[in-house]
Amino acid sequence: MLSASSSSFAPASAAAMTMASSPLVSRFAAHRTTLRCDLLDQRRLPCSSGIQMKMRNPIATASASAFNNDAPRTKSYKEVIKPFRQMFSQEISSQSNDSDISIAKVLLYIAAEDEAFLAFNREMDARFFMRERETIQDKTDSEEELEPDPSETDSEELDGKSITEWLSELDAISKQVEAELLSRGINSCNAVQVLEAVNTVLFDMRGFKRTSTCFDEDPKDYYLHSVLTSRCGTAFLFSVIYIEVCQRLGVPIVGAKVGEEFLVWPETENPEELFEVATSGKSLFAIVNGKCVDDPKSMASELTGKSLLGLDVATNRDIIGIALANLFRVHWKRASKPTPGQMLTAPLTELNNFRISNIPLLRPHDLRLAIAAAERLLMLEPNNWRVRRDLGMMHYYVRQCREAIIELSICIASFAIEEEEAKELKLFVEKLHRLFSLMSSPLDSDRLALR
C-alpha cells in the first residue's frame, strides 16, 4: 500500500549506540548493542542509578598507548558522518529550486550517514575489545595492521555501493519498464499505460512487496537502499520509487498527504480515469496506492477524481520531510521500547518528579538515530517548533543539558506557542539550568533531584 505515517539496552544517559560485530553487514538487522558513554560527549555526566559505569572514556583509555606512540588520531563519529550531512545540507539548500532536488539522492545521503554512524560504532567496539585482550601485548606489527580503523571507512560506500550505483538501480528499473512497454507493442504511451507497466515490473517481475505497519517495525524498511535490496519496504518508499522511475520515463507523478497516508498519481487532465475499475477488479489508483484506497477507515477511500484536484500537492522538500518524520518516529519507537508507553514530552508534565535517576531506560543507538533524523528535519523545516522541542527533549534524555537548554529556549523565545505549553517549557528549562550546574559537581546521581 502506498501510504505512510507522518511521524542491548542502555539508559539514554549513557549514550551511544553500537553493535559489536566487526564485519560490515547491514546494521539495520537484529543486533545486540553495547553500552558506550564516549560517543555522545557525556564525559562529565553521572549515570542513572542501577547502571554501573566508569566515567572515564573507555576508548581513550584503551587507546592511550597508541597516542603515546604518536599514532594518528582516530576520528570521532561526528567527523565520520560530516560529509554526508554536508551533502544533505547542500542538496536541500534554500538556494536550490525545489524541482532540482533529487528525492532519491537525499534519501540515500540520509541512509549513508546513519550507516556510517553505526559502522563506526561497530569498528570502535571491535578495536576496544581487541585491546582488552590479554594477548594484546604479544600482537605482531602485521597483526596490528589488520585491526580495523573506523576513521578509514570508505565515505563513498553505502552497503558496498556508491550513491551513484544506488541511483543506477532506479535507472535499471525504468529501463525494464521501457522494455515491458515495447513488448506490449506500445511505442507512445500515456501515464496510465506507464503506471501499469511499472506495476508489472515492480510486483510481478521483481517481486517487490509493501510492508504493513506493525508494532515492531523494522527500520530497514524506511531506508531506500534497503528497500531496493530486499524489495520489501513501506508504502511511502514505494511512492518515492514510483516518482523516481516515472520521472525517468518522462511521466510526472505528484503526491499529497491524505490523513495519515501519502498518495501518488500521474498528472492528468482526466483524473476520473484513475478510478475506473480495470479487469483486475481494482482501479489504477488503488493498484498504485494499495489497500488504503479500499479501507473504509482511511480518508483515501473517500477520494474521487474531482476531489483529487483539490489536494495540496507535496513538494520535493515536503516528501523528504515525510521520510525524515517516519525515521524519527520509528527510531524513537524502538528507542523507547524498554519503557512501553514512554512519551517523548512526558518530563514536561512531571516537573515535581524531576530527578536525574528518573530518566527512562532507552535504547541508545536508536535514540541517536532519532536525534539525527530530528536534526536533519529541522534543517529542512527550521520554523517547525515541535521538531525543535522534540530535539531538545532527546538531548535531555542523553543528558546533553546544554544542547537541550538551547533548543528549548529557542522554542520559547522565537515561536508563538500556547501559553500552557510555554509555561511548561520555561519551568523545564529552569530545572535544566540548575541540573546542568549540579552535573559538574562530584555528586551521586541519586542526590541530583531538583525541587
Side-chain angles (χ1 to χ4, degrees), residues 2 4 26-28 80-119 153-177 198 202 206 208 219-231 233-255 262 264 313-328 369 372-382:
L2 279 181
S26 178
R27 62 284 311 151
F28 297 116
V80 171
I81 68 173
K82 185 177 179 179
F84 299 109
R85 185 65 65 91
Q86 288 178 332
M87 288 186 284
F88 170 86
S89 177
Q90 183 177 356
E91 188 71 21
I92 58 105
S93 168
S94 58
Q95 298 177 358
S96 302
N97 293 326
D98 188 79
S99 59
D100 294 333
I101 296 175
S102 170
I103 298 172
K105 188 181 292 186
V106 172
L107 297 190
L108 290 170
Y109 289 155
I110 291 169
E113 179 184 323
D114 290 353
E115 291 266 1
F117 167 74
L118 291 169
T153 301
D154 188 348
S155 62
E156 297 298 321
E157 294 282 312
L158 173 57
D159 269 7
K161 294 181 180 179
S162 67
I163 299 297
T164 301
E165 288 174 317
W166 283 114
L167 293 173
S168 295
E169 292 286 330
L170 294 169
D171 296 336
I173 295 175
S174 65
K175 290 178 181 178
Q176 192 172 355
V177 173
V198 172
L202 288 180
R206 288 181 171 250
F208 278 84
K220 71 180 181 182
D221 294 337
Y222 290 81
Y223 290 92
L224 181 58
H225 75 292
S226 292
V227 174
L228 292 173
T229 300
S230 67
R231 303 188 178 186
T234 62
F236 170 77
L237 283 183
F238 275 96
S239 298
V240 172
I241 292 173
Y242 270 100
I243 292 171
E244 290 288 333
V245 170
C246 290
Q247 183 183 61
R248 286 162 169 76
L249 296 170
V251 177
I253 299 291
V254 295
F262 181 76
V264 294
V313 173
T315 65
N316 288 345
R317 287 186 175 87
D318 291 336
I319 294 171
I320 294 167
I322 294 172
L324 286 168
N326 286 340
L327 284 172
F328 169 70
L369 292 173
E375 288 173 341
R376 291 175 296 219
L377 186 54
L378 204 56
M379 293 170 65
L380 196 68
E381 305 173 8

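The residues of the chain are indexed from 1 along the displayed sequence. Owing to the predicted nature of the structure, the values given are computational and were not obtained by experimental measurement.
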Checklist entry - Are the side chains of Ile319 and Phe262 in touch, meaning some heavy atoms are under 4.5 Å apart? => result yes
Next on the checklist: Between Ser168 (side chain only) and Thr164 (backbone N and O only), is there a donor and an acceptor less than 3.5 Å apart?
Outcome noted: yes
Item to check | Close side-chain approach of Phe236 to Ile322, heavy-atom, < 4.5 Å | outcome: yes
Item to check | N/O donor-acceptor pair under 3.5 Å between Trp166 side chain and Leu158 backbone | outcome: yes
Checklist entry - Considering residues at least two apart in sequence or located in another chain, which fulfil the side chain to side chain donor-acceptor pair (under 3.5 Å) criterion with Asp318? => result Thr315
Next on the checklist: What's the separation between atom CZ in Arg376 and atom CD1 in Ile110, rounded to the nearest 0.5 Å?
Outcome noted: 5.5 Å
Item to check | Test side-chain contact (heavy atoms from CB on, under 4.5 Å) applied to Leu369 and Leu118, step by step | outcome: CA-CA 9 Å; Leu369 292 173; Leu118 291 169; 3.9 Å; yes
Checklist entry - From Leu224 CG over to Leu108 CG, what is the distance, rounded to the nearest 0.5 angstrom? => result 5.0 Å
Checklist entry - For Phe88 and Val106, what are the C-alpha separation, side-chain angles and deciding distance, and is it a side-chain contact (heavy atoms from CB on, under 4.5 Å)? => result CA-CA 6 Å; Phe88 170 86; Val106 172; 3.5 Å; yes
Checklist entry - Which distance, rounded to the nearest 0.5 Å, do you find between the CG of Leu107 and the OH of Tyr222? => result 14.0 Å
Checklist entry - Stepwise, does the side-chain contact (heavy atoms from CB on, under 4.5 Å) test hold for Ser96 with Arg317? => result CA-CA 11 Å; Ser96 302; Arg317 287 186 175 87; 4.1 Å; yes
Checklist entry - So, the side chain of Ser89 versus the backbone of Arg85: is there a donor-acceptor pair under 3.5 Å, distance only? => result no
Checklist entry - Side chain of Asp98, backbone of Asn316: donor and acceptor closer than 3.5 Å? => result yes
Item to check | Residue pair Phe208 / Ile241: nearest heavy atoms and the distance that separates them | outcome: CE2-CD1, 4.5 Å
Checklist entry - After noting the C-alpha distance and the side-chain angles of Asp114 and Phe84, does the key distance pass the side-chain contact (heavy atoms from CB on, under 4.5 Å) rule? => result CA-CA 9 Å; Asp114 290 353; Phe84 299 109; over 6 Å; no
Next on the checklist: Quick one, Lys220 with Asp159, criterion salt bridge (Lys or Arg N to Asp or Glu O under 4.0 Å). Give me CA distance, side-chain angles, the key distance, then yes/no.
Outcome noted: CA-CA 12 Å; Lys220 71 180 181 182; Asp159 269 7; over 6 Å; no
Checklist entry - Would you find more than 12 non-hydrogen atoms of other residues, nucleotides or ligands less than 6.0 Å from Glu165 atom CD? => result yes
Checklist entry - For the residue pair Leu324 and Ala373, what are the closest heavy atoms and their distance? => result O-CB, 3.9 Å
Checklist entry - Atom CG of Asp100 and atom CD of Glu91: how far apart are they, to the nearest 0.5 Å? => result 9.0 Å
Next on the checklist: Can you give me the closest heavy-atom contact between Val227 and Gly233, atom names plus distance?
Outcome noted: CG2-CA, 3.7 Å
Item to check | By side chain to side chain donor-acceptor pair (under 3.5 Å) - contacts of Glu381 (at least two apart) | outcome: Asn384
Next on the checklist: Tell me the closest heavy-atom pair linking Ile163 and Lys105, and the distance in Å.
Outcome noted: CG2-CG, 4.4 Å
Item to check | Euclidean distance, Lys161 NZ relative to Thr229 OG1, rounded to 0.5 Å | outcome: 5.5 Å
Item to check | Distance in Å, Ser94 OG paired with Leu380 CG, rounded so as to fall on 0.5 Å steps | outcome: 11.0 Å
